[in-house]
Amino acid sequence: MTEESAFEWPITIYYEDTDVGGIVYHANYLKFFERARTELFRSHDVSLQALFAQNVSFVVRHMDIDFLKGARLDERLVVRTWPVKIRRASIEFCQVLVNNAGQNLCKAMVQVACVHPESMKPIQIPENIKSEISK
């Protein structure tokens, strides 16, 4: 998967997402990005719940985020998500929140680590996940 073939997940900005001025509160961008990554896995028939039952879990290890332009109440936007690097025990994603005019409102580089859910120690990403996510 590349930027050109990025997974796209639509969102609508609700009142609960905004501050008193009708602008999205900064922490809510993290929620949008988290949901889009989950939906990316689902779009490849990868169940995070089934992985958890197999003692495989993903946690955010690192994130760089740029707030470029505030999203506003009632806007219909798209989160674009694609893997940039897939390593033995981590995946780095680029995620961009885009408006209808094609403007990037927020951009994040997110590194997720594959861990055992009890020990929280890194483990190898299952090969089927690597191959599905890279499509």
Side-chain angles (χ1 to χ4, degrees):
M1 183 179 295
T2 63
E3 181 175 0
E4 293 76 32
S5 62
F7 173 76
E8 294 189 348
W9 185 65
I11 63 164
T12 300
I13 304 302
Y14 296 103
Y15 188 75
E16 67 187 27
D17 299 320
T18 65
D19 61 18
V20 71
I23 304 295
V24 170
Y25 180 68
H26 72 280
N28 287 330
Y29 291 95
L30 303 178
K31 293 178 185 180
F32 302 154
F33 290 153
E34 180 72 32
R35 292 173 189 159
R37 287 192 312 277
T38 298
E39 295 300 330
L40 168 65
F41 279 98
R42 281 192 184 137
S43 76
H44 290 284
D45 293 323
V46 174
S47 166
L48 296 178
Q49 186 173 14
L51 286 176
F52 192 77
Q54 298 167 20
N55 291 317
V56 175
S57 188
F58 289 95
V59 296
V60 173
R61 184 188 178 289
H62 182 83
M63 179 181 281
D64 287 318
I65 190 165
D66 286 321
F67 301 97
L68 304 168
K69 183 177 180 183
R72 296 182 174 275
L73 180 62
D74 290 332
E75 281 189 306
R76 295 182 186 271
L77 308 170
V78 172
V79 178
R80 302 187 77 236
T81 303
W82 65 96
V84 175
K85 248 183 227 176
I86 301 176
R87 296 185 180 98
R88 183 176 119 24
S90 68
I91 304 172
E92 183 177 8
F93 290 99
C94 182
Q95 295 190 270
V96 183
L97 182 65
V98 181
N99 67 15
N100 288 339
Q103 296 173 307
N104 292 345
L105 305 181
C106 187
K107 180 178 181 179
M109 296 300 292
V110 184
Q111 183 184 34
V112 296
C114 186
V115 299
H116 188 285
E118 290 179 17
S119 69
M120 297 304 288
K121 296 205 184 263
I123 59 173
Q124 184 169 342
I125 299 170
E127 285 304 317
N128 64 318
I129 305 296
K130 285 183 180 181
S131 64
E132 283 298 319
I133 297 302
S134 62
K135 287 182 182 177

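- Between Arg37 and Glu34, at least one side-chain nitrogen of the basic residue sits less than 4.0 Å from a carboxylate oxygen of the acidic one, meeting the salt-bridge criterion.
- Taking all atoms of both residues into account, the shortest heavy-atom contact from Ile11 to Ile13 is CD1-CD1, 3.9 Å.
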Per-pair distances, 0.1 Å, donor-acceptor, side chain in residues 42-51, under 3.5 Å, sequence neighbours excluded:
unit_1, atom_1, unit_2, atom_2, d
Arg42, NH1, Glu39, OE2, 2.8
Ser43, OG, Leu40, O, 2.7
His44, ND1, Glu132, O, 3.1
Ser47, OG, Gln49, N, 3.4
Ser47, OG, Ala50, N, 3.0

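- Partners of Lys130 under the salt bridge (Lys or Arg N to Asp or Glu O under 4.0 Å) rule, at least two apart in sequence or in another chain, are Glu127.
- Val98 and Arg80 make their closest contact through CG2-CD, 3.9 Å (heavy atoms, listed as atom of the first residue, atom of the second, distance).
- What you find for Trp82 and Ala6 is that their closest heavy atoms are CE3-CB, 3.5 Å.
- Phe7 is linked by a ring pair (Phe, Tyr, Trp, His ring centres under 6.0 Å) to nothing, counting only residues two or more places apart in sequence or in another chain.
- Within the 4.5 Å cutoff, the side chain of His62 has heavy atoms near those of the Asp64 side chain.
- In this structure Arg61 satisfies the salt bridge (Lys or Arg N to Asp or Glu O under 4.0 Å) test with no other residue, sequence neighbours excluded.
- Under the 4.5 Å side-chain criterion, counting only non-hydrogen atoms from C-beta, Ile133 is in contact with Phe93.
- Here Ile23 sits alone; no ILVMFWY side chain lies under 4.5 Å from its own, so it joins no hydrophobic cluster.
- Contact of the Ile65 side chain with the Leu30 side chain is registered, since non-hydrogen atoms from C-beta on lie closer than 4.5 Å.
- Smallest separation of non-hydrogen atoms from Pro10 and Glu8: CD-O, 4.1 Å.
- Side-chain contact between Cys106 and Phe33: present, with at least one pair of heavy atoms (C-beta onward) separated by less than 4.5 Å.
- Classified by interplanar angle (parallel below 30°, tilted 30° to 60°, perpendicular above 60°), the ring pair Phe58/Phe41 is tilted.
- Listed by first and then second residue, the side chain to side chain donor-acceptor pair (under 3.5 Å) pairs involving residues 68-77 are Thr12-Arg76, Lys69-Gln103 (not counting sequence neighbours).
- Across all non-hydrogen atoms, the minimal contact from Met109 to Val84 is CE-CG2, 3.8 Å.
- No side-chain heavy atom of Trp9 sits less than 4.5 Å from a side-chain heavy atom of Thr81.
- Interatomic distance, CG of Leu97 versus CZ of Phe67, reported as 11.0 Å (0.5 Å rounding).
- Using a 4.5 Å heavy-atom threshold, the side chains of Val79 and Arg35 count as separate.
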